[in-house]
Amino acid sequence: MGINNIFGRELNILNIGTSKFKEDLELQGQKVVDIDWEPPAGGDIELLNILDRFSSDEKVILANKKAVDIMINAHPILVDVDRALDVIPGMKPNLILHSGPPIQWDRMAGPMKGAIIGALIYEGLAEDEDSAVKLVESGKIEFAPCHEHSAVGPMAGIISPSMPVHVVHNRTYDNYSYCTINEGLGKVLRYGAFSDEVIQRLKWIEKEFAPVLKKALSLVEDGIDIKSLISQAVHMGDECHNRNKAATSLFFREITSYILETGVKMSIIKRILKFIKENEHYFLNLSMPACKAATDAAMGIEHSTIVTTMARNGVEFGIKVSGLGKDKWFTGPANMIEGLMFPGYKEEDANPDIGDSAITETYGIGGFMMGGAPAIVQFVGGTVKDAIEYSEKMYRITTAENNNFSIPTLDFRGSAIGIDLLKVIDTGILPIINTGMAHRTAGIGQVGAGLVTPPMDCFTKAIKEFDEVYGG
Amino acid sequence: MKKTLVKENSYYDSVTLMSLSSKVLGVDGVLEAVISMGTEMNKELLRNVGLATDESEAAGNNDLIIAISAADRNSYEEAIRLVEELLGSSRQGRTQGVEKKYRSIDEAVGDIDANVAVISVPGMYAAREARIALENDMHVMLFSDNVEIEDERKLKEMGREKGLLVMGPDCGTASINNIGLCFANEVRKGNIGIVGASGTGMQEIMVQIHRHGGGISQAIGTGGRDLHRDIGGIMMLEGLKALNKDDDTDVIVLVSKPPAEEVEAKMLDEVKDIDKPVVICFLDGEEENEQLADVSFVHTLYDAAITAVKLSGTGGKTDRDAGDPAEKVAEIKETLKKSQKYFRGLYCGGTLCTEALSIARDSFNSIKSNVAERGQEMLEDIHNYTGNVLLDLGEDEFTAGRPHPMIDPTLRNMKIVEEAEDGEVGVILLDFVLGYGAHEDPVGKTLESIDKARDIAKSNGRNIAFVAYICGTDMDRQDYGKQRKMLEKNGIIVANSNVEAVNMVIELLN
């Protein structure tokens with residue numbers, strides 16, 4: 001019947017544009033819904049043309065489904081703790097891994113430089129700050145992003161060869177990821193501190209903590225199921241980026257009996273259990289590699305516009321896109337974090353956005369699940385309503401919902417997963433990340449927390465590259 | 001003082017901004033005001049009025065430019081206050097209320113079972129929104145202009161494929177199930193269906209059908225380019241077929257400017273298969289050689305309407321307004337001087353302007369118009385002219401950065417006063433379009449300028465005759481009776497149709 005279908009039928013009208021037409025239709029008793037329209041892609045015609053080429057491209061749709069299915073079906077398990085040099089692919093005695101996209105020493109942020117100095121002292125390669133800097137400047141030390149070695153690290157994200165790392169196995173796709181042991185809050189290496197206290201703690205983790213944990217994990221038949229812990233924790237008010245209280249408790253509950261079973265001296269066991277118990281962020285260094293294992297498996301799917309990495313080095317923010325290969329970064333200047341400063345600190349004290357922890361948002365938790373983590377909301381300076389709005393907004397730039405991680409306050413709707421480059425460009429909505437703020441100066445530590453987004457630059461560069469690769 | 005501000009990432013639609021600009025221009029001491037998004041076209045406008053700055057040159061499509069030139073600081077600040085107040089309230093309006101907000105068509109269709117999309121976003125984005133609406137099985141009313149013809153063809157092919165209306169681009173008028181979309185008059189429900197490639201042309205036909213006792217089943221707009229060679233009349237033909245199948249339609253009216261030859265052939269071919277009487281109005285076209293059964297060819301909107309009413313079997317009563325205008329015309333004719341040889345038609349409705357040209361042509365040696373398509377009639381300079389002139393003030397050359405005179409009479413009001421300065425002008429012809437989309441009191445907003453024009457003429461020892469036509473019905477929300485009375489009370493001759501108005505002008509000057 002075609003056109004005749006509308007004759008005599010009730011009109012349900014969408015008005016896109018001037019509201020005058022809506023008003024006049026309402027005068028005629030019509031139901032009209034106004035679209036709160038703004039030019040898509042920020043009004044950029046070049047980007048719009050690219051969007052039009054790909055947004056209904058069957059190949060892109062299928063590739064994205066494949067990529068996101070891989071992310072959802074991933075099953076990360078904590079299986080071991082081992083020395084970085086022995087397990088991380090490509091790790092070398094003179095290689096130091098850092099967070100975010102690649103960066104040279106002279107451009108690095110304060111906290112990252114501090115953490116590298118600390119790592120060189122810890123490795124026994126330098127005695128103090130001066131000799132560490134001299135060593136770096138001699139060119140004998142190499143740097144690379146954690147992300148290029150199947151690893152992730154919070155804040156400065158420094159991994160040096162001797163450091164013990166959590167080994168996470170993606171059981172579904174048989175790939176591995178790695179992350180250091182979280183040192184706790186205060187003066188810690190990841191914020192660029194390198195005092196004796198920091199080095200001693202790192203040594204203790206290496207000499208006493210890691211061997212016991214390794215032994216304990218060897219007693220667990222199938223490893224510790226991190227996916228399951230995240231699923232439970234997000235029903236307990238965590239979003240597993242800035243709030244890991246519940247997840248750390250759940251991990252503590254899982255691991256304690258095995259630690260007891262190791263049969264090491266009770267005095268040591270006490271120290272080990274106390275260390276986990278007193279560090280609410282212990283689980284961050286498990287949720288991050290879990291997300292990394294899942295997103296890595298979804299890399300390199302041709303035609304896919306799904307974002308598989310978001311990471312920052314304190315100077316630049318970098319993303320990777322599945323269809324554009326695992327080696328290609330798209331970067332832009334890292335933003336300042338907006339939120340609350342701890343007492344005694346001012347906004348100018350804060351370093352721009354830093355750390356690999358945005359891998360949690362890449363995997364649809366963290367900021368994306370804020371609506372289900374009301375307790376975190378005040379910490380990052382907002383209201384519960386804001387948080388729910390943020391979570392809901394993320395559905396507009398993602399392609400799927402992950403029912404493994406559901407949000408109680410949204411009637412257990414699955415979290416938004418699979419950030420689609422095309423949707424980000426179309427809507428102008430950037431992924432929301434909730435994160436800690438590091439002091440600009442090495443070694444001072446965390447000065448606040450808040451919300452941040454990647455710069456739009458990353459996405460516009462990526463979509464142009466996508467058009468180069470697939471547009472012809 | 002002159003100042004140009006840029007607010008990044010603050011999008012407002014052009015109708016909101018244009019009505020804002022005209023309100024700001026109304027502030028005492030404001031000399032020029034351009035409040036617009038930073039598109040290339042708007043930036044050029046700023047350069048032309050000398051308000052461009054480095055900052056405004058760098059502005060993007062999504063940045064708001066507020067450029068105001070004022071006599072002094074106080075009036076500038078007053079203007080800025082007004083801008084902020086008006087923009088502020090519209091922003092608030094967007095966030096208040098419990099109604100769920102939708103940012104895109106995709107988002108909204110899932111929640112409400114939408115079947116029609118009315119699209120009036122800037123042209124460069126419009127085709128995209130229309131495509132998304134069609135993908136979601138919605139009929140489309142595409143008001144936006146400046147859409148690429150290639151995009152128009154694709155959209156219409158998609159519409160044909162899916163059995164959906166694609167009314168436009170640049171479609172101002174439609175009435176689906178007697179619901180007026182965009183610019184439309186309220187008219188009686190009836191058995192005449194219209195497919196038209198011209199906005200005010202359809203309005204005039206609907207109004208005249210109503211006045212002659214008939215009524216409308218559907219009025220489908222196609223946009224002005226539908227019968228262009230590159231489009232091939234896709235929507236005209238689809239609309240025609242749909243009306244042929246429609247049980248509530250007994251007579252079909254097709255209206256457009258004369259189409260491309262091959263398109264006309266295709267159309268007439270299709271018309272042969274229609275089993276209902278068809279009235280074809282090729283406005284300002286040549287006499288047809290073709291004789292087709294059950295097809296009437298006419299060349300004015302007025303004839304289209306009365307022929308359709310006759311065929312529909314519903315007519316009979318003609319609600320001519322009381323009083324004999326001929327007497328009035330004769331009376332006023334006496335007051336014109338011999339040197340006042342010319343008329344100026346200042347139209348809001350483009351098709352009404354074309355119709356006027358087609359009728360007046362035979363009675364004057366020369367008429368120039370910006371809607372003319374014949375070489376010798378084309379108006380070279382829209383600002384500098386003499387003699388008989390018909391202007392469509394809704395053309396882009398007048399409306400760039402300003403509201404369409406149907407929405408806001410300001411633009412035409414300035415023109416009315418201007419024409420009074422010309423000692424050779426005897427008659428000013430005006431149209432007033434009522435209905436949805438149009439200004440709420442067009443006559444009321446114009447009277448002051450008419451007075452001003454008369455004062456100017458009077459101080460030069462002249463009188464100017466004003467002839468007006470109100471394209472509206474007694475059902476329109478502006479109150480036709482009241483609009484008409486206001487004109488008559490002020491000594492303006494009011495015609496019952498555009499054709500009649502033009503004939504009065506002829507009578508006054510010959």
Side-chain angles (χ1 to χ4, degrees), chain A residues 1-53 55-56 389 392-393 395-397 399 422-423 426-430 456, chain B residues 9 11 13-16 37 39 60-62 90 94 99 101-105 107-109 111-122 124-125 128-129 131 133 135 138-139 143-144 162-165 176-177 179-182 186 217-218 220 238-239 241-242 245-246 248 407 436-437 477:
Chain A
M1 275 293 273
I3 290 171
N4 292 67
N5 271 339
I6 194 74
F7 295 165
R9 276 255 305 273
E10 195 184 341
L11 304 186
N12 285 327
I13 304 165
L14 285 189
N15 183 48
I16 306 110
T18 179
S19 56
K20 168 120 179 92
F21 294 143
K22 176 185 187 234
E23 288 154 21
D24 278 357
L25 283 161
E26 281 170 345
L27 283 176
Q28 301 175 74
Q30 295 302 298
K31 273 192 295 189
V32 188
V33 170
D34 226 346
I35 303 290
D36 196 15
W37 189 87
E38 288 190 13
D44 186 322
I45 293 295
E46 184 195 351
L47 295 181
L48 268 175
N49 288 337
I50 299 177
L51 278 185
D52 285 345
R53 269 201 281 288
S55 47
S56 45
E389 271 173 24
E392 285 185 329
K393 213 171 176 184
Y395 293 106
R396 298 185 46 211
I397 54 167
T399 60
L422 301 176
K423 292 189 174 190
D426 186 350
T427 60
I429 296 173
L430 290 161
M456 191 47 102
Chain B
N9 290 319
Y11 177 79
D13 67 80
S14 59
V15 177
T16 301
M37 304 308 297
T39 61
N61 291 345
N62 215 11
S90 78
R94 295 169 92 168
E99 221 177 307
K101 280 205 308 181
Y102 298 100
R103 298 276 300 269
S104 68
I105 296 177
E107 239 178 274
V109 278
D111 280 13
I112 57 164
D113 190 18
N115 51 17
V116 177
V118 178
I119 298 169
S120 58
V121 301
M124 58 184 147
Y125 311 112
R128 189 165 192 271
E129 300 297 336
R131 178 171 52 75
E135 281 167 359
M138 296 161 74
H139 298 272
F143 178 77
S144 315
K162 301 192 77 165
L164 295 168
L165 290 167
I176 302 299
N177 305 338
I179 305 302
L181 303 177
C182 299
E186 188 79 61
S217 57
Q218 305 287 347
I220 298 167
E238 292 305 303
K241 286 186 228 169
K245 278 191 278 185
D246 177 35
D248 296 327
I407 300 174
Y436 300 110
R477 66 194 193 93

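From a predicted model like this one, the values you see are computed outputs, not experimental measurements.
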Which atoms of M138(B) approach chain A - backbone, side chain, both or neither, heavy atom under 4.5 Å: side chain
Measuring heavy-atom distances to chain A, does I105(B) have an atom under 4.5 Å in its side chain, in its backbone, in both, or in neither? both
Does [X] reach the main-chain N or O of [Y] with its side chain, forming a donor-acceptor pair under 3.5 Å?
X	Y	answer
Y125(B)	G43(A)	yes
D36(A)	R103(B)	no
N4(A)	A242(B)	yes
N62(B)	D44(A)	no

What distance separates [X] [atom1] from [Y] [atom2], expressed to the nearest 0.5 Å?
X	Y	atom1	atom2	answer
I119(B)	T18(A)	CD1	OG1	14.0 Å
C182(B)	K20(A)	SG	NZ	10.5 Å
I3(A)	D246(B)	CD1	CG	11.5 Å
L51(A)	R128(B)	CG	CZ	5.0 Å

Kindly indicate whether the side chain of [X], heavy atoms from C-beta on, has any atom under 4.5 Å from the side chain of [Y].
X	Y	answer
I112(B)	K31(A)	no
E129(B)	P40(A)	yes
N177(B)	F7(A)	yes
R131(B)	D52(A)	yes
L11(A)	I179(B)	yes

Just so I understand: if I count every heavy-atom pair under 4.5 Å between each of I13(A), N15(A), I6(A) and chain B, which residue has the most? I6(A)
So for E10(A), is it side chain, backbone, both, or neither that comes closer than 4.5 Å to the heavy atoms of chain B? backbone
Do you know which two heavy atoms are closest between [X] and [Y], and how far apart they sit?
X	Y	value
S56(A)	E135(B)	OG-OE2, 4.5 Å
D24(A)	Y436(B)	OD2-C, 3.3 Å
S120(B)	G17(A)	OG-CA, 3.3 Å

Is there a salt bridge (Lys or Arg N to Asp or Glu O under 4.0 Å) between R9(A) and D113(B) once you walk through the steps? CA-CA 12 Å; R9(A) 276 255 305 273; D113(B) 190 18; 5.2 Å; no
Could you have a look at [options] and say which one has the most heavy-atom pairs with chain A under 4.5 angstrom?
options	result
K162(B), E238(B), R477(B)	R477(B)
A117(B), G180(B), G60(B)	G180(B)
V109(B), N61(B), V116(B)	V116(B)

Using a cut-off of 6.0 Å, state whether more than 12 heavy atoms not belonging to K393(A) lie near its atom NZ. no
